[in-house]
Q: 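Got a structure here, written out as structure tokens. Questions coming.
For reference, positions follow the sequence shown, starting with 1.
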Amino acid sequence: CSSDLALFICSCKDNKATFKLPVLGEKTINVNGTDTIYHQISEFELINQYGEKVSNQTVKGKIYVANFFFATCQSICPEMSTNLTTVQKAFEKDDSLLILSHSVNPMHDTVEVLKNYAGIYSAIQNKWHLLTGNKALIYSLAKDSYLVNALEDDGTPEGFLHSELFLLIDAKQRIRGMYDGTDKPQVLKLIEDIKILKTEDKSL
């Protein structure tokens with residue numbers, strides 16, 4: 001995670017300073033040259049560990065943390081999932097914060113497999129969604145929407161490569177932060193940044 005991701009932007013509105021997290025990804029200006037169009041997460045529909053559909057509508061108006069993993073991963077995934085339990089606990093009673101964990105091995109990671117995995121980490125129903133579905137869609141989401149890696153048959157013993165990053169997504173489905181999910185201080189920073197994002201002026 002590069003140091004510039006940790007910077008805050010200060011904007012002034014009604015003569016009152018408001019600190020906000022950066023909006024990451026490519027930005028464009030609309031045809032009138034008046035508004036900035038920010039990178040957003042594209043439309044998706046996947047299935048969670050309860051066999052329920054999870055889509056853009058599920059996260060509409062909510063802040064969420066996204067990551068990529070697979071159930072049989074024995075390298076970084078257990079540490080990442082353990083750290084996500086810390087995030088979940090920090091916002092356990094906050095319905096406006098969700099977690100979306102995308103499997104990069106959906107052929108193996110069925111609803112049943114993901115439900116068992118969710119049980120290991122005490123994932124709360126309707127709070128932490130472990131997702132499976134169309135592999136091409138998941139890989140496309142990783143690369144084009146979340147701007148991270150997800151590869152199959154990369155030559156590693158486990159056969160898959162995926163990013164260690166946790167992505168912080170705002171209520172407008174824009175990326176507001178990237179954090180090393182294997183690094184405890186980064187995970188604690190993610191929690192603090194979520195709190196900042198929750199106080200941000202919704203018009204920004």
Q: Determine yes or no for a side-chain-to-main-chain donor-acceptor pair under 3.5 angstrom, with H39 supplying the side chain and S145 the backbone.
A: yes
Q: Please answer: with hydrophobic residues joined when any side-chain heavy atoms are less than 4.5 Å apart, are I47 and V59 in the same cluster?
A: no
Q: Heavy atoms, side chains only, cut-off 4.5 Å: are I191 and V87 in contact?
A: yes
Q: Ignoring hydrogens and geometry, is there a side-chain-to-backbone donor-acceptor pair from Y146 to I41 under 3.5 Å?
A: no
Q: Show the nearest heavy-atom pair for residues Q40 and K172, with the distance to one decimal.
A: NE2-O, 2.8 Å
Q: Does one hydrophobic cluster hold both L100 and V111, with members joined at side-chain heavy-atom distances below 4.5 Å?
A: no
Q: When you look at CD of E52, are more than 12 heavy atoms from neighbouring residues, nucleotides or ligands closer to it than 6.0 Å?
A: yes
Q: Under a 4.0 Å threshold between the charged nitrogen and the carboxylate oxygen, would K127 count as salt-bridged to D95?
A: no
Q: Could you tell me the separation between the OG1 atom of T85 and the CD atom of E92, rounded to the nearest 0.5 Å?
A: 10.5 Å
Q: Enter the distance from Y121:OH to M80:CE here, rounded to the nearest 0.5 Å.
A: 11.0 Å
Q: Quick check: do L46 and I138 have side-chain heavy atoms less than 4.5 Å from each other?
A: yes
Q: I'd like to check M178 versus L147 (side-chain heavy atoms, cut-off strictly below 4.5 Å). Are they in contact?
A: yes
Q: Please evaluate residues K198 and S96 with respect to the criterion side chain to side chain contact (heavy atoms under 4.5 Å, CB included), reporting the C-alpha separation (whole Å), side-chain torsions for both, the decisive distance (0.1 Å), and the verdict.
A: CA-CA 9 Å; K198 287 173 65 64; S96 67; 2.8 Å; yes
Q: Given side chains that start at C-beta, do those of F166 and V187 come closer than 4.5 Å, heavy atoms only?
A: yes
Q: Hey, are D109 and Y117 close enough side-chain-wise for a donor-acceptor pair under 3.5 Å?
A: no
Q: I'd like to check the salt bridge (charged side-chain N to carboxylate O under 4.0 Å, His left out) partners of K62; sequence neighbours left out, ordered by chain and number.
A: none
Q: Run the salt-bridge test on K195 and E192 with the 4.0 Å N-O cut-off and return the result as yes or no.
A: yes
Q: Show the numbers, then the answer: is there a side chain to side chain contact (heavy atoms under 4.5 Å, CB included) between T72 and H108?
A: CA-CA 9 Å; T72 55; H108 172 271; 3.4 Å; yes
Q: Looking at every non-hydrogen atom in both residues, tell me the closest pair between I63 and A171 and how far apart they are.
A: CG1-N, 4.3 Å
Q: Side chains of Y179 and D193: does their closest heavy-atom pair fall under 4.5 Å?
A: yes
Q: CG of L197 to CZ of R174: how many Å apart, nearest 0.5 Å?
A: 8.5 Å
Q: For the pair S140 (side chain) and A136 (backbone), establish whether a donor and an acceptor sit closer than 3.5 Å, ignoring hydrogens and angles.
A: no
Q: What's the separation between atom CG in N67 and atom CG in N83, rounded to the nearest 0.5 Å?
A: 10.5 Å
Q: Hey, does the side chain of S81 reach the backbone of P78 with a donor-acceptor pair shorter than 3.5 angstrom?
A: no
Q: Decide side chain to side chain contact (heavy atoms under 4.5 Å, CB included) for F44 and N56; before the verdict, give the C-alpha distance in whole Å, the side-chain angles of both, and the deciding distance to 0.1 Å.
A: CA-CA 6 Å; F44 65 90; N56 302 79; 3.6 Å; yes
Q: Tell me whether I194 shares a hydrophobic cluster with L84, the cluster being built from Ile, Leu, Val, Met, Phe, Trp, Tyr side chains joined at under 4.5 Å.
A: yes
Q: Return yes if some donor-acceptor pair links the side-chain N/O of Q49 with the main-chain N/O of L130 below 3.5 Å, else return no.
A: yes
Q: State plainly whether one hydrophobic cluster holds both L190 and F91, where clusters connect Ile, Leu, Val, Met, Phe, Trp and Tyr through side-chain heavy atoms under 4.5 angstrom apart.
A: yes
Q: So do L167 and V148 actually touch side chain to side chain, heavy atoms under 4.5 Å?
A: yes
Q: L168 versus Y64: any side-chain heavy-atom pair under 4.5 Å?
A: no
Q: Taking R176 for its side chain and P22 for its backbone only, find out whether a donor-acceptor pair lies under 3.5 Å.
A: yes
Q: Below 4.5 Å, heavy atoms only, C-beta onward: do I175 and D170 meet side chain to side chain?
A: no
Q: Decide side chain to side chain donor-acceptor pair (under 3.5 Å) for T86 and K184; before the verdict, give the C-alpha distance in whole Å, the side-chain angles of both, and the deciding distance to 0.1 Å.
A: CA-CA 9 Å; T86 302; K184 197 68 172 183; 2.8 Å; yes
Q: Quick one: sort the F68 and H102 rings into parallel, tilted or perpendicular, breaks at 30° and 60°.
A: parallel
Q: So, Q88 side chain and I124 main chain: donor-acceptor pair closer than 3.5 Å or not?
A: yes
Q: Compute the centroid of each ring, for H129 and then for Y50, and state whether the two points are separated by less than 6.0 Å.
A: no
Q: After noting the C-alpha distance and the side-chain angles of T132 and S103, does the key distance pass the side chain to side chain donor-acceptor pair (under 3.5 Å) rule?
A: CA-CA 6 Å; T132 189; S103 171; 5.3 Å; no
Q: I'd like to know if the side chain of D180 and the backbone of Q186 have a donor-acceptor N/O pair within less than 3.5 Å.
A: no
Q: Going hydrophobic residue to hydrophobic residue with side-chain gaps under 4.5 angstrom, can you get from V54 over to L98?
A: yes
Q: Is the number of heavy atoms from other residues, nucleotides or ligands under 6.0 Å of K89 NZ greater than 12?
A: no
Q: Please evaluate residues D144 and S42 with respect to the criterion side chain to side chain contact (heavy atoms under 4.5 Å, CB included), reporting the C-alpha separation (whole Å), side-chain torsions for both, the decisive distance (0.1 Å), and the verdict.
A: CA-CA 8 Å; D144 300 323; S42 62; over 6 Å; no
Q: Is E45 salt-bridged to K53, going by a charged N under 4.0 Å from an acidic O?
A: yes
